[in-house]
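Data block below; observations after.
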Amino acid sequence: MHDLGRLKESAKLIYGGKFMKKLIILTLMFGTIAVLVPSAQANSEATAVTSTEQVWRSEQPRERYNNRRARTYTTTRIVRRGRAVYRETIRVTRQWNGRTRTQVIRRVRIR
């Protein structure tokens, strides 16, 4: 009689839901591993391809032949002279050694 009680308790543990929950969790864990491992291997192969490409590009010479050219761009600025306010269009030339040359192209009075 006493053994029958233990048998009922073990049957409750197995079929009461805990066994099934553990079985489902283990199945999901192994399924996730089976899905993620191939994608991780594919990612490592993809990074291996791009890393060799980056090494190849770093061996090429940088812009040595073009580094002493002056850079020129046009911009606007607001200037106040006394009570008058002007919008100036200027051409800025930056030399390779750090010098800057500014030319006023147009000056329009705003106020």
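Remember, predicted model here, so these are calculated numbers, not experimental data.
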Please report the shortest heavy-atom distance between Tyr86 and Arg107, naming the atom on each side.
-> CD2-CG, 3.6 Å
Rounded distance (nearest 0.5 Å) linking atom OG1 of Thr93 with atom CZ of Arg71 = 12.0 Å
Is Tyr73 isolated, or which residues cluster with it under the ILVMFWY side-chain rule of less than 4.5 Å, directly or via members?
-> Ile90, Val92, Val104
Report the distance from atom CD of Glu88 to atom CD of Gln103, rounding to the nearest 0.5 Å.
-> 12.5 Å
Value for CG (Leu26) from NZ (Lys21), rounded to nearest 0.5 Å, stands at 14.0 Å
Taking salt bridge (Lys or Arg N to Asp or Glu O under 4.0 Å) as the test, write out the residues that go with Arg106, two or more places apart.
-> none
First locate atom CD1 of Ile110, then atom CZ of Arg87, and finally report the distance between them rounded to the nearest 0.5 Å.
-> 5.0 Å
Gln95 CD to Thr72 OG1 distance, which is reported to the nearest 0.5 Å | 8.0 Å
To the nearest 0.5 Å, atom CZ of Arg83 lies from atom CZ of Arg111 at 13.0 Å
